[in-house]
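Lettering of chains follows the sequences in order, A, B, ..., and the numbering in each one begins at 1.
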Amino acid sequence: MTPAQIERFFAILQAANPHPETELEYGSAFELLVAVLLSAQATDAGVNKATRILFPLARTPQQMLDLGLERLEAAIKTIGLYHSKARHLLQTCRILVDEHGGQVPRTRAALEALPGVGRKTANVVLNVAFGEPTMAVDTHIFRVSNRTGLAPGKTPLAVEQKLLERVPPHYLLHAHHWLILHGRYVCQARKPRCWECAVAHLCDWPDKTPAPSKTT
DNA sequence: ATCCCGAGGG
DNA sequence: CCCTCTGGAT
(Lines give C-alpha, C1' and ligand atoms only; values in the text may rest on other atoms or scores of the structure.)
Protein backbone atom coordinates (compact mmCIF):
# COMPACT_ATOMS: atom_id res chain seq x y z
CA MET A 1 0.00 0.00 0.00
CA THR A 2 1.17 3.49 -0.79
CA PRO A 3 1.16 6.20 1.89
CA ALA A 4 -1.91 7.73 0.25
CA GLN A 5 -3.71 4.37 0.35
CA ILE A 6 -2.76 3.86 3.99
CA GLU A 7 -4.19 7.28 4.81
CA ARG A 8 -7.45 6.32 3.12
CA PHE A 9 -7.44 2.90 4.79
CA PHE A 10 -7.47 4.41 8.28
CA ALA A 11 -9.79 7.27 7.33
CA ILE A 12 -12.37 4.67 6.32
CA LEU A 13 -11.93 2.58 9.47
CA GLN A 14 -12.13 5.72 11.58
CA ALA A 15 -15.33 6.84 9.91
CA ALA A 16 -16.90 3.46 10.64
CA ASN A 17 -15.82 3.56 14.28
CA PRO A 18 -14.82 7.04 15.52
CA HIS A 19 -14.04 6.05 19.11
CA PRO A 20 -12.81 2.45 19.17
CA GLU A 21 -12.22 0.80 22.53
CA THR A 22 -11.08 -2.55 23.78
CA GLU A 23 -13.86 -5.07 24.23
CA LEU A 24 -12.19 -6.38 27.37
CA GLU A 25 -14.07 -5.38 30.52
CA TYR A 26 -11.96 -3.70 33.20
CA GLY A 27 -12.22 -0.99 35.84
CA SER A 28 -8.59 -0.19 36.61
CA ALA A 29 -5.10 -0.47 35.17
CA PHE A 30 -4.59 -3.64 37.22
CA GLU A 31 -7.80 -5.21 35.93
CA LEU A 32 -6.75 -4.34 32.39
CA LEU A 33 -3.36 -5.97 32.94
CA VAL A 34 -5.07 -9.11 34.26
CA ALA A 35 -7.56 -9.22 31.39
CA VAL A 36 -4.86 -8.82 28.76
CA LEU A 37 -2.67 -11.43 30.42
CA LEU A 38 -5.61 -13.85 30.38
CA SER A 39 -6.44 -13.04 26.75
CA ALA A 40 -3.54 -14.97 25.24
CA GLN A 41 -5.03 -17.45 22.73
CA ALA A 42 -8.51 -16.73 24.06
CA THR A 43 -11.45 -14.63 22.86
CA ASP A 44 -12.41 -11.36 24.54
CA ALA A 45 -15.86 -12.80 25.19
CA GLY A 46 -14.30 -15.76 26.97
CA VAL A 47 -12.01 -13.52 29.04
CA ASN A 48 -14.92 -11.29 30.06
CA LYS A 49 -16.90 -14.32 31.17
CA ALA A 50 -14.02 -15.33 33.44
CA THR A 51 -13.23 -11.87 34.82
CA ARG A 52 -16.89 -11.33 35.72
CA ILE A 53 -16.32 -14.17 38.15
CA LEU A 54 -12.76 -13.29 39.10
CA PHE A 55 -12.83 -9.52 39.68
CA PRO A 56 -15.59 -9.54 42.32
CA LEU A 57 -13.32 -11.96 44.22
CA ALA A 58 -10.11 -9.96 43.75
CA ARG A 59 -9.60 -6.45 42.36
CA THR A 60 -6.06 -5.74 43.61
CA PRO A 61 -2.76 -7.63 43.50
CA GLN A 62 -2.93 -8.35 47.22
CA GLN A 63 -6.50 -9.64 46.97
CA MET A 64 -5.39 -11.86 44.08
CA LEU A 65 -2.60 -13.28 46.23
CA ASP A 66 -5.05 -13.85 49.08
CA LEU A 67 -7.41 -15.65 46.71
CA GLY A 68 -4.78 -18.31 46.06
CA LEU A 69 -3.95 -20.61 43.19
CA GLU A 70 -6.83 -23.06 43.60
CA ARG A 71 -9.62 -20.50 43.57
CA LEU A 72 -7.92 -18.45 40.88
CA GLU A 73 -7.72 -21.48 38.59
CA ALA A 74 -11.35 -22.30 39.26
CA ALA A 75 -12.38 -18.77 38.28
CA ILE A 76 -10.51 -18.77 34.97
CA LYS A 77 -10.78 -22.44 34.05
CA THR A 78 -13.07 -21.81 31.08
CA ILE A 79 -10.21 -20.01 29.33
CA GLY A 80 -7.51 -22.07 27.74
CA LEU A 81 -4.01 -22.33 29.23
CA TYR A 82 -5.46 -21.68 32.69
CA HIS A 83 -2.78 -23.44 34.71
CA SER A 84 0.13 -21.39 33.45
CA LYS A 85 -1.95 -18.20 33.35
CA ALA A 86 -2.92 -18.61 37.01
CA ARG A 87 0.64 -19.28 38.06
CA HIS A 88 2.02 -16.35 36.08
CA LEU A 89 -0.67 -14.03 37.38
CA LEU A 90 0.15 -14.81 41.01
CA GLN A 91 3.87 -14.38 40.34
CA THR A 92 3.10 -11.06 38.71
CA CYS A 93 0.97 -9.95 41.67
CA ARG A 94 3.79 -10.82 44.04
CA ILE A 95 6.14 -8.54 42.09
CA LEU A 96 3.57 -5.73 41.90
CA VAL A 97 3.16 -5.79 45.67
CA ASP A 98 6.84 -6.20 46.51
CA GLU A 99 8.44 -3.95 43.92
CA HIS A 100 5.80 -1.53 42.58
CA GLY A 101 3.70 -0.59 45.60
CA GLY A 102 0.78 -2.60 44.25
CA GLN A 103 0.63 -0.41 41.13
CA VAL A 104 0.96 -1.34 37.47
CA PRO A 105 4.34 -0.08 36.22
CA ARG A 106 4.38 2.37 33.31
CA THR A 107 7.56 1.36 31.52
CA ARG A 108 7.99 -1.35 28.92
CA ALA A 109 10.96 -2.85 30.74
CA ALA A 110 9.10 -3.17 34.05
CA LEU A 111 6.00 -4.58 32.35
CA GLU A 112 7.91 -7.16 30.34
CA ALA A 113 9.71 -8.26 33.50
CA LEU A 114 6.37 -9.54 34.83
CA PRO A 115 5.76 -13.28 34.34
CA GLY A 116 3.21 -13.86 31.59
CA VAL A 117 3.70 -10.36 30.19
CA GLY A 118 5.50 -10.19 26.85
CA ARG A 119 5.88 -7.47 24.28
CA LYS A 120 2.31 -7.64 23.00
CA THR A 121 0.71 -7.46 26.46
CA ALA A 122 3.02 -4.62 27.49
CA ASN A 123 2.10 -2.72 24.34
CA VAL A 124 -1.62 -3.08 25.06
CA VAL A 125 -1.25 -1.84 28.65
CA LEU A 126 0.95 1.08 27.57
CA ASN A 127 -1.58 2.05 24.91
CA VAL A 128 -4.93 1.46 26.61
CA ALA A 129 -4.09 2.28 30.23
CA PHE A 130 -1.44 4.95 29.74
CA GLY A 131 -2.25 6.44 26.34
CA GLU A 132 1.05 5.72 24.61
CA PRO A 133 1.07 5.25 20.81
CA THR A 134 2.36 1.67 20.84
CA MET A 135 1.38 -1.01 18.33
CA ALA A 136 0.50 -4.31 19.96
CA VAL A 137 0.66 -6.89 17.17
CA ASP A 138 -1.64 -9.79 17.99
CA THR A 139 -2.95 -12.54 15.76
CA HIS A 140 -5.51 -10.20 14.15
CA ILE A 141 -3.13 -7.35 13.40
CA PHE A 142 -0.45 -9.72 12.15
CA ARG A 143 -2.92 -11.30 9.74
CA VAL A 144 -4.53 -8.05 8.57
CA SER A 145 -1.19 -6.31 8.08
CA ASN A 146 0.16 -9.14 5.95
CA ARG A 147 -3.01 -9.98 4.04
CA THR A 148 -3.79 -6.42 3.00
CA GLY A 149 -0.21 -5.38 2.35
CA LEU A 150 -0.51 -2.61 4.93
CA ALA A 151 2.64 -3.73 6.75
CA PRO A 152 3.86 -7.16 5.70
CA GLY A 153 6.43 -8.92 7.88
CA LYS A 154 7.56 -12.38 8.90
CA THR A 155 7.37 -11.81 12.66
CA PRO A 156 5.09 -9.76 14.91
CA LEU A 157 8.01 -7.49 15.81
CA ALA A 158 8.78 -6.82 12.14
CA VAL A 159 5.12 -5.95 11.53
CA GLU A 160 5.06 -3.72 14.61
CA GLN A 161 8.08 -1.73 13.42
CA LYS A 162 6.69 -1.37 9.93
CA LEU A 163 3.33 -0.18 11.29
CA LEU A 164 5.06 2.41 13.48
CA GLU A 165 6.77 3.70 10.33
CA ARG A 166 3.76 3.62 8.03
CA VAL A 167 0.69 4.52 10.11
CA PRO A 168 0.17 8.30 9.97
CA PRO A 169 0.85 9.79 13.44
CA HIS A 170 -2.68 11.13 13.53
CA TYR A 171 -4.07 7.57 13.54
CA LEU A 172 -1.43 5.86 15.66
CA LEU A 173 -3.16 6.04 19.03
CA HIS A 174 -6.25 4.16 17.86
CA ALA A 175 -4.82 2.15 14.95
CA HIS A 176 -4.45 -0.83 17.26
CA HIS A 177 -8.18 -1.11 17.91
CA TRP A 178 -9.24 -0.33 14.36
CA LEU A 179 -7.08 -3.17 13.09
CA ILE A 180 -8.26 -5.56 15.80
CA LEU A 181 -11.92 -4.87 15.14
CA HIS A 182 -11.41 -5.11 11.40
CA GLY A 183 -9.68 -8.47 11.84
CA ARG A 184 -12.25 -9.80 14.26
CA TYR A 185 -15.40 -8.91 12.37
CA VAL A 186 -14.45 -8.48 8.71
CA CYS A 187 -10.95 -9.72 7.80
CA GLN A 188 -11.48 -13.00 9.64
CA ALA A 189 -8.82 -15.69 9.63
CA ARG A 190 -10.65 -18.50 7.92
CA LYS A 191 -13.32 -16.77 5.89
CA PRO A 192 -12.69 -13.06 5.34
CA ARG A 193 -15.87 -11.16 4.54
CA CYS A 194 -14.44 -9.32 1.55
CA TRP A 195 -17.89 -8.64 0.07
CA GLU A 196 -18.74 -6.34 2.97
CA CYS A 197 -15.24 -4.93 3.52
CA ALA A 198 -15.03 -1.14 3.28
CA VAL A 199 -11.31 -1.21 2.41
CA ALA A 200 -11.27 -4.10 -0.06
CA HIS A 201 -10.37 -1.71 -2.89
CA LEU A 202 -7.11 -0.87 -1.04
CA CYS A 203 -6.23 -4.50 -0.28
CA ASP A 204 -3.51 -6.64 -1.89
CA TRP A 205 -5.23 -9.93 -1.18
CA PRO A 206 -5.98 -11.61 -4.50
CA ASP A 207 -9.05 -13.60 -3.44
CA LYS A 208 -11.90 -11.13 -3.19
CA THR A 209 -14.32 -13.60 -1.71
CA PRO A 210 -17.74 -13.20 -3.32
CA ALA A 211 -20.84 -12.65 -1.24
CA PRO A 212 -22.68 -15.85 -0.31
CA SER A 213 -25.50 -16.43 -2.77
CA LYS A 214 -29.05 -16.49 -1.48
CA THR A 215 -30.04 -19.77 -3.13
CA THR A 216 -33.35 -18.45 -4.39
C1' DA B 1 10.11 -25.56 17.70
C1' DT B 2 7.04 -26.99 21.19
C1' DC B 3 3.95 -26.79 24.92
C1' DC B 4 -0.07 -24.93 27.26
C1' DC B 5 -5.62 -25.74 26.67
C1' DG B 6 -10.99 -24.69 26.98
C1' DA B 7 -14.82 -22.72 24.24
C1' DG B 8 -16.98 -21.68 20.03
C1' DG B 9 -17.67 -21.83 15.01
C1' DG B 10 -17.65 -24.12 10.49
C1' DC C 1 -13.64 -33.52 12.77
C1' DC C 2 -10.66 -29.05 12.20
C1' DC C 3 -9.36 -24.18 13.02
C1' DT C 4 -9.12 -20.03 15.75
C1' DC C 5 -8.90 -17.04 19.71
C1' DT C 6 -5.80 -9.46 21.38
C1' DG C 7 0.87 -15.09 23.50
C1' DG C 8 4.47 -16.24 26.47
C1' DA C 9 7.88 -19.35 28.45
C1' DT C 10 10.96 -23.07 27.80
Keeping to residues at least two apart or across chains, list the side chain to side chain donor-acceptor pair (under 3.5 Å) pairs with something in residues 161-180 of chain A. A/E7-A/Y171
Pairwise side chain to side chain donor-acceptor pair (under 3.5 Å) hits with a residue in residues 58-68 of chain A, at least two apart: A/E31-A/R59, A/Q62-A/D66
ring-ring contact (aromatic ring centres under 6.0 Å, His included): pairs with one or both residues in residues 13-69 of chain A, sequence neighbours excluded: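 For residues 13-69 of chain A, and leaving out neighbouring residues, there are no ring-ring contact (aromatic ring centres under 6.0 Å, His included) pairs at all.
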Classify the nucleic acid contact of [X] as base, sugar-phosphate or nothing, counting any heavy atom under 4.0 Å across all strands shown.
{"X": "A/I180", "answer": "base"}
{"X": "A/H88", "answer": "sugar-phosphate"}
{"X": "A/A189", "answer": "sugar-phosphate"}

Using a heavy-atom distance cut-off of less than 4.0 Å, which residues of [range] contact DNA chain C?
{"range": "residues 29-40 of chain A", "value": "A/S39, A/A40"}
{"range": "residues 114-123 of chain A", "value": "A/L114, A/P115, A/G116, A/V117, A/G118, A/R119, A/K120, A/T121"}
{"range": "residues 139-166 of chain A", "value": "A/T139, A/H140, A/R143"}

Among residues at least two apart in sequence or on other chains, which ones pass side chain to side chain donor-acceptor pair (under 3.5 Å) with A/E25?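 Side chain to side chain donor-acceptor pair (under 3.5 Å) check on A/E25 returns A/R52.
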Contacts of type side chain to side chain donor-acceptor pair (under 3.5 Å), residue A/E73, not counting sequence neighbours: A/H83
Sort and list the pairs that fulfil salt bridge (charged side-chain N to carboxylate O under 4.0 Å, His left out) and have at least one residue in residues 104-129 of chain A, not counting sequence neighbours. A/R108-A/E112, A/R119-A/E160
Across all chains, not counting sequence neighbours, the side chain to side chain contact (heavy atoms under 4.5 Å, CB included) partners of A/A175 are A/F10, A/M135, A/V167
By side chain to side chain contact (heavy atoms under 4.5 Å, CB included), which residues pair with A/P105, not counting sequence neighbours?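 A/P105: side chain to side chain contact (heavy atoms under 4.5 Å, CB included) contacts with A/L96, A/H100, A/A110, A/L111, A/L114.
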Please compare A/R190 and A/K77 by the position of their nearest nucleotide in DNA chain B and report the one closer to 5'. A/K77
So which one's nearest nucleotide on DNA chain C is more toward 5', A/E112 or A/T22?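 Mapping each residue to its closest nucleotide by heavy atoms, the 5'-most match is A/T22.
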P-based separation of B/dA7 from C/dG8 [nearest Å]: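 C/dG8 and B/dA7 have their P atoms separated by 23 Å.
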I'd like to know if A/R94 pairs up with A/E99 as an ion pair, taking the criterion as any Lys NZ or Arg NE/NH1/NH2 lying under 4.0 Å from an Asp or Glu carboxylate oxygen.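 Looking at A/E99 together with A/R94, the answer is no, because their closest N to O distance does not fall below 4.0 Å.
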Enumerate all atom pairs, one protein N or O and one N or O from nucleotides 2-4 of chain B, separated by less than 3.5 Å.
none

Measure the distance from NZ on A/K85 to C1' on C/dT10 and round it to the nearest whole Å. 17 Å
Take atom CG of A/L181 and atom C1' of C/dC5, then tell me their distance rounded to the nearest Å.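 So the CG-C1' distance, A/L181 to C/dC5, works out to 15 Å.
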Mind checking whether A/I95 and A/D98 have side chains closer than 4.5 Å, heavy atoms only? no
